[in-house]
**Student:** 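Pasting a structure below so you can have a look.
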Amino acid sequence: MELANKVAIVTGATSGIGAAVARILDQAGMQLVLTGRRYDRLEQLTRELKQAVFLSGDITEPELPQKLLNLSLQTYGRCDVAFNNAGVQAVGTVETIEIEAVCQMVQVNVEAAFRFAYVVLKHFQSINDGHLINTSSVLGTKVRIAAGAHAGTKYAIEAFSEALRMELANTRVRISCIEPGLVKTELHDYWEIHPTESLNVPQPLQPEDIARYVRFILEQPPHIRIPKLMVLPESHIV
Ligand SMILES: NC(=O)c1ccc[n+]([C@@H]2O[C@H](COP(=O)([O-])OP(=O)(O)OC[C@H]3O[C@@H](n4cnc5c(N)ncnc54)[C@H](OP(=O)(O)O)[C@@H]3O)[C@@H](O)[C@H]2O)c1
């Protein structure tokens with residue numbers, strides 16, 4: 001699919017994978033609507049890109065998805081792609097886990113992702129076109145000790161995506177999941193033992209590596225569907 005002059009909404013655009021996807025879609029000539037909580041980051045990225053607008057906010061605010069879609073339609077007159085990517089990670093053992101952080105993670109990774117997906121999909125269905133890409137994880141397909149709740153949020157994204165794919169298979173609305181392994185982003189900044197040590201992956205992926213595959217998924221012609229794409233770094237075992 002030709003991406004030039006098409007429009008994408010990117011959630012979690014203030015850092016990591018979302019920011020890299022915004023940059024690569026900008027290079028492909030797409031027009032963008034960016035979101036995240038950090039206003040300064042959005043302002044800076046928008047200045048760097050050719051055609052982008054932003055709306056900062058907490059993705060768990062129930063009204064934000066509709067406001068993002070409205071901004072896309074008002075600014076560009078269309079919305080073709082939604083990259084449903086905002087996410088957080090709360091991991092820990094029974095002794096160390098912070099229960100409130102787990103519940104906050106469920107709200108961001110699951111509830112907000114479902115809300116955003118349904119809002120954009122109602123629009124995509126009304127125009128019988130569009131592509132939703134959900135950011136899952138390798139942990140949407142397997143579990144690790146101390147990461148059960150986190151994996152659970154990504155299993156939820158996988159189940160949701162597969163059912164949507166089935167529901168929309170006879171339309172031109174496409175659903176994909178990208179399933180990254182370890183990527184060097186701010187997601188891991190807060191943990192005492194960085195996963196490069198605990199997972200023994202000396203060279204994690206870079207956000208740009210994932211962005212290339214997101215672009216690849218979007219560039220396929222409409223008769224080709226990529227429901228899932230796992231991207232792992234060398235030395236990934238568990
Ligand atoms: N890094 C990895 O190893 C890895 C592996 C597999 C999957 N993933 C997934 O990739 C996605 C992106 O993560 P990343 O690795 O790029 O991490 P990141 O650099 O920490 O980016 C996370 C993004 O989510 C946004 N976000 C978090 N909570 C939010 C909230 N309440 N409201 C609005 N935005 C919020 C952040 O923006 P603000 O803080 O500005 O709000 C930020 O833009 C996540 O879904 C993550 O689960 C990452």
Side-chain angles (χ1 to χ4, degrees), residues 9-24 32-46 54-65 67-68 82-91 100-117 133-144 147 149-158 160-161 176-191 194-199 201 203-211 213-214 228-233 236 238:
I9 303 176
V10 177
T11 76
T14 53
S15 64
I17 295 169
V21 166
R23 288 192 176 97
I24 207 165
L32 300 170
V33 175
L34 309 176
T35 192
R37 286 167 301 182
R38 285 168 289 180
Y39 187 95
D40 293 356
R41 296 266 189 114
L42 291 170
E43 205 176 33
Q44 199 182 325
L45 183 57
T46 300
F54 69 90
L55 180 61
S56 66
D58 192 317
I59 199 70
T60 63
E61 286 170 23
E63 303 79 22
L64 188 57
K67 286 182 183 167
L68 291 165
F83 186 49
N84 195 7
N85 166 73
V88 291
Q89 178 173 286
V91 294
E100 290 311 317
V102 169
C103 295
Q104 171 65 15
M105 172 178 69
V106 172
Q107 260 199 305
V108 176
N109 292 11
V110 182
E111 183 183 325
F114 286 5
R115 279 185 193 277
F116 178 70
I133 302 188
N134 294 320
T135 305
S136 176
S137 166
V138 62
L139 285 184
T141 69
K142 64 202 302 188
V143 300
R144 282 185 205 127
H150 177 66
T153 67
K154 296 302 188 182
Y155 270 66
I157 293 297
E158 294 276 342
F160 180 56
S161 305
S176 302
C177 262
I178 186 100
E179 299 167 335
L182 186 61
V183 187
K184 193 165 171 24
T185 68
E186 296 171 23
L187 193 75
H188 306 292
D189 281 359
Y190 309 103
W191 308 111
H194 193 275
T196 49
E197 285 171 51
S198 58
L199 297 178
V201 174
Q203 199 178 344
L205 299 167
Q206 296 297 321
E208 294 72 25
D209 296 322
I210 304 304
Y213 289 99
V214 170
K228 297 159 189 235
L229 186 58
M230 187 181 285
V231 187
L232 298 178
H236 175 107
V238 293

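We count ligands from 1, going down the list as the structure has it; atoms in each ligand are counted the same way. Computed from a predicted structure; not experimentally measured.
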**Student:** Listed by chain and number, what are the ring pair (Phe, Tyr, Trp, His ring centres under 6.0 Å) partners of Phe54, not counting sequence neighbours?
**Tutor:**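 So Phe54 forms a ring pair (Phe, Tyr, Trp, His ring centres under 6.0 Å) with Tyr39.
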**Student:** Consider side-chain contact (heavy atoms from CB on, under 4.5 Å). Of Ile157, Leu229, Ile133, which one does Cys177 pass it with?
**Tutor:**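 Running side-chain contact (heavy atoms from CB on, under 4.5 Å) over Ile157, Leu229, Ile133 with Cys177 returns exactly one hit, Ile157.
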**Student:** I'd like the residue list for ligand 1, meaning every protein residue with a non-hydrogen atom under 4.0 Å from the ligand.
**Tutor:**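 Ligand 1 is contacted, at a heavy-atom distance under 4.0 Å, by Gly12, Ala13, Thr14, Ser15, Gly16, Ile17, Gly36, Arg37, Arg38, Gly57, Asp58, Ile59, Asn85, Ala86, Gly87, Val88, Val108, Thr135, Ser136, Ser137, Lys154, Pro180, Gly181, Leu182, Val183, Thr185, Glu186, Leu187, His188.
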**Student:** Which residues pass the side chain to side chain donor-acceptor pair (under 3.5 Å) test with Thr60, sequence neighbours left out?
**Tutor:**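 Per chain and number, Thr60 pairs via side chain to side chain donor-acceptor pair (under 3.5 Å) with Asp58.
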**Student:** Just wondering, are more than 12 heavy atoms of other shown residues or ligands nearer than 6.0 Å to CD in Gln44?
**Tutor:**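 No, CD of Gln44 has 12 or fewer neighbouring heavy atoms, counting only those of other groups under 6.0 Å.
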**Student:** Going by the rule ring pair (Phe, Tyr, Trp, His ring centres under 6.0 Å), which residues pair with Phe160 if we only count those two or more places apart in sequence or in a different chain?
**Tutor:**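 Here the qualifying residues are Phe114, Tyr118.
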**Student:** So if I apply the side-chain contact (heavy atoms from CB on, under 4.5 Å) rule between Val183 and each of Pro233, Ser137, Pro207, which one comes out positive?
**Tutor:**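 For Val183, the side-chain contact (heavy atoms from CB on, under 4.5 Å) test succeeds with only one of Pro233, Ser137, Pro207, which is Pro207.
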